[in-house]
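Encoded as structure tokens, the structure appears first; notes follow it.
These numbers were taken from a predicted model, which means no experiment stands behind them. Each chain gets a letter, A, B and so on, in the order the sequences are listed, and its residues count up from 1.
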There are 2 protein chains.
Amino acid sequence: MTMSNTGGRRKPPTIHDVAREAGVSRGTVSRVLNGGHYVSPAAADAVNAAIRKTGYVVNRHARSLITGRSDSVGFLLTEPQERFFEDPNFNVLLRGCTQALAAHDVPLLLMLAGTDDERRRITRYITAGHVDGVLLVSSHSGDPVAEELRAAGVPLVACGKPIGLGSKVSYVAADDRDGARDMVRHLLALGRRRIGVVTGPLDTPGGVERLAGYREVLAEAGVEADERLVVSGDYSRASGEAGAERLLARAPDVDAVFVASDLMAQGVLAALHRAGRRVPQDVAVGGFDDSPAAVATSPELTTIRQPWDRISAEMVRVLLAQIGGEDPAAVILPTELVKRDST
Amino acid sequence: MTMSNTGGRRKPPTIHDVAREAGVSRGTVSRVLNGGHYVSPAAADAVNAAIRKTGYVVNRHARSLITGRSDSVGFLLTEPQERFFEDPNFNVLLRGCTQALAAHDVPLLLMLAGTDDERRRITRYITAGHVDGVLLVSSHSGDPVAEELRAAGVPLVACGKPIGLGSKVSYVAADDRDGARDMVRHLLALGRRRIGVVTGPLDTPGGVERLAGYREVLAEAGVEADERLVVSGDYSRASGEAGAERLLARAPDVDAVFVASDLMAQGVLAALHRAGRRVPQDVAVGGFDDSPAAVATSPELTTIRQPWDRISAEMVRVLLAQIGGEDPAAVILPTELVKRDST
DNA sequence: TTCTCTACTGTGAACGCTCACAGAAGCAGC
DNA sequence: GCTGCTTCTGTGAGCGTTCACAGTAGAGAA
């Protein structure tokens, strides 16, 4: 009699079937399912055996209906779709988050807010309680979706310090300023003195902090600050390329560039190459992120590693804690200089 | 009296509240919510007004509990994570699918199966009925997850023709052979006769078809087939780079290369550049996909456009149809030659 | 008038689960 | 014996929706 007793049944087994099979009540099965407290070892064993035998899987809808939780979270990206297509950092983050969530059996709903229409639909979906919380990726300030979610009291964890959301919203970020300092110190140590910078968008804390780190280290080293060496970008490859061109035009004697993202650094490399500058001999180039893009260039990029694994793991941890009732938290993680061939 | 009557309530309004507000029964509200058949115009208006006034949003869990549907679908990627990090085609597809699904108010659950452990968890999740259907991206043959899902009768639509799943599984694909033919004809029209090819993985229909198209056109044109001109890759950038090196070593007189993916073409471009060959003067390079990667190269890639918008829209359409009870279907979409600077 | 048909509406039951509560069993202390 | 405490177990109620069914009203036909 080793065969399963399901016979020709179509419908999946319920908690009731498990209870009958194990010779206990629904309540006991439910207790085993939810942590196993106040259950005798004998009963727990019988229930687990019955679950295996029947192939029971909990019906999440029935559970959610009564608990009021959905046991799922949203991953919300409010960047323009070009950025999503271009920047592999999002993929790394997405992968990290799904992985961390899987350990808690929490599915991830992907929400890409490209248009205003999508923004509205997604906001409605989230505030209706269809997800318990949101992992937010939105670098720019004044994001109306984020503000609405915060106002609605939806548990929220941002990747990178969010702007204009007050201190009530959690975030996880790498130590941008410290990373920038490491890179510029590295360039100084190579003997470079005309160090340019292509910044990130200056309406984001990340962009501001990386620039601040650059300025600090130059000042500490007594290197003359030259505003012609500072050009701004928006993290995109194209803006890196344009930035490098401006830099070469304004300060032809530049001998190193700190670029605030690897993607922009790709563009910088292309522009330098077109201008006939050798990397790293004539101009050293340092990136930021350690994204997959950093090793797709030639030469491979020296860069500042953002600990993506830890960032995504912390985002998930903080979000689940907040869903569980804890207060918002801010987590800053250390970066690391990764030396490759571009410096 | 224009204020909402919600007062200090915390709990969201239910269908019952709407019914009371509109002066009708739950059943009538439910009918309005689900298509509005057999409802008088007056009642429908009253219900819609009440919905707006109360801010009612349907509780999907309660609905799912009784209908047995989850009204959500999974997006399952069984590629190794490096591929997901490297290839922006996945992002384009993902974006297209979320967008198409949003029009039907169907959320997308992201499932990335990197490890065996994840594969098992995801299979269990899906076969438990937590999603109504699956959008599958899995180029390689013998994928055990896909086979299990098919066997379990889960509605399934693959991107690209799946291998070894019999004819019972739906798929949407671009016309690989025809696209390859267009590209090789284009290279011939440019006067090239020593046309090499870097193939995709030959355990996938896409890889096989693109190679077949190449061979066909050369044969039709009476150009001598030379197996030294054929090297194989796996769609990755690195394999394109390695492929081009092999090609140059085996057939130094190559004057054009048809590369079966844009990402590989990036690698081919890098290898040609390193070898001192000018593109397109010395060697013309044609890609495949028209992925965002195609315009991030210099020179920008001539390529075969896969109609990603239509592919994702069709995948969603076919999947929803199949969930609705229709039979599996295969959809082949036409490609288009996009001329840029690399040919 | 009465019957039938169509268009619409209301009601109870059910979906599968968790939660609160009541009760049982075992054991100690009086 | 009774009381109190702890640990465990079963039961009824209810979460918010849809579905099947019963019922009503009005129009048209006999």
Side-chain angles (χ1 to χ4, degrees), chain A residues 6 9-48 50-51 54-72 105 125 128-130 132 323-324, chain B residues 6 9-48 50-51 54-72 105 125 128-130 132 323-324:
Chain A
T6 51
R9 253 210 282 159
R10 280 312 278 183
K11 301 190 67 177
T14 72
I15 202 173
H16 200 92
D17 299 323
V18 176
R20 190 155 22 81
E21 179 69 37
V24 298
S25 72
R26 287 169 7 246
T28 299
V29 177
S30 178
R31 277 184 287 266
V32 171
L33 254 33
N34 297 288
H37 297 301
Y38 284 94
V39 179
S40 69
D45 288 349
V47 168
N48 284 320
I51 287 174
T54 56
Y56 171 78
V57 183
V58 68
N59 181 323
R60 300 173 80 105
H61 302 302
R63 171 183 285 170
S64 292
L65 180 56
I66 188 156
T67 61
R69 286 175 283 116
S70 72
D71 291 320
S72 67
D105 247 312
Y125 187 88
H130 293 325
D132 294 341
I323 290 170
Chain B
T6 50
R9 252 206 285 156
R10 282 312 277 184
K11 302 189 69 176
T14 72
I15 203 172
H16 201 91
D17 300 322
V18 175
R20 190 153 23 81
E21 179 69 37
V24 298
S25 70
R26 286 168 9 244
T28 300
V29 177
S30 179
R31 277 184 286 266
V32 171
L33 255 32
N34 298 288
H37 297 300
Y38 282 95
V39 179
S40 68
D45 289 349
V47 168
N48 284 320
I51 287 175
T54 55
Y56 170 78
V57 183
V58 69
N59 182 323
R60 301 173 79 106
H61 303 302
R63 171 182 287 171
S64 292
L65 178 55
I66 189 154
T67 61
R69 286 175 283 118
S70 72
D71 290 322
S72 67
D105 248 313
Y125 188 88
H130 294 324
D132 294 340
I323 290 170

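In this structure, A:Leu65 atom CG and D:dC15 atom P are separated by 9 Å, rounded to whole Å. The distance from atom CG of B:Asp71 to atom C1' of D:dT17 is 12 Å, rounded to the nearest whole Å. The nearest whole Å value for the distance from the CD1 atom in A:Ile66 to the P atom in D:dT17 is 15 Å. Distance B:Arg69 CZ to D:dT18 P: 9 Å, rounded to the nearest Å.
Think of the region where chain B sits on DNA chain C: with heavy atoms and a 4.0 Å cut, that region ends 5' and 3' at C:dC8 to C:dG16.
Judged by distance alone, with hydrogens and angles left aside, the side-chain atoms of B:Asn48 form no donor-acceptor pair with the main-chain N or O of B:Asp45 at under 3.5 Å.
Just one of A:Asn59, A:Thr67, A:Leu65 meets the side chain to side chain contact (heavy atoms under 4.5 Å, CB included) condition when paired with A:Arg63; it is A:Thr67. Under the side chain to side chain contact (heavy atoms under 4.5 Å, CB included) test applied with A:Ile15, the options A:Thr28, A:Val58, A:Leu33 reduce to a single match, A:Leu33.
Considering only residues two or more places apart in sequence or on other chains, B:Asp71 meets the salt bridge (Lys or Arg N to Asp or Glu O under 4.0 Å) condition with B:Arg69. A search for ring pair (Phe, Tyr, Trp, His ring centres under 6.0 Å) contacts involving B:Tyr56 returns nothing, not counting sequence neighbours. In this view, A:Ala46 and A:Ala22 satisfy the side-chain contact (heavy atoms from CB on, under 4.5 Å) rule, not counting sequence neighbours.
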For a quick test of your reading: what N or O donor-acceptor pairs under 3.5 Å do the side chains of residues 34-43 of chain A make, sequence neighbours left out?
residue, atom, partner, partner atom, Å
A:Asn34, ND2, A:Ser30, O, 2.7
A:Asn34, ND2, A:Ser30, OG, 3.4
A:Ser40, OG, A:Ala43, N, 3.2

Check nucleotides 8-12 of chain D against the protein and report each pair of N or O atoms closer than 3.5 Å, with its distance, or say if there are none.
residue, atom, partner, partner atom, Å
D:dT9, OP1, A:Ser40, OG, 2.6
D:dT9, OP2, A:Ser40, N, 3.0
D:dG10, OP2, A:Ser25, N, 2.8
D:dG10, OP2, A:Ser25, OG, 3.0
D:dG10, OP2, A:Thr28, OG1, 3.0
D:dG10, N7, A:Arg31, NH2, 3.2
D:dG10, O6, A:Arg31, NH1, 3.3
D:dG12, O6, A:Arg26, NH2, 2.5

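Between B:Asn34 and D:dT18, a side-chain N or O to OP1/OP2 separation shorter than 4.0 Å is present. Residue B:Lys11 has no polar side-chain atom (N or O) positioned under 4.0 Å from OP1 or OP2 of D:dC15.
Across B:Glu21 and B:Ala50, no two heavy atoms sit closer than the pair CG-CB, 3.6 Å.
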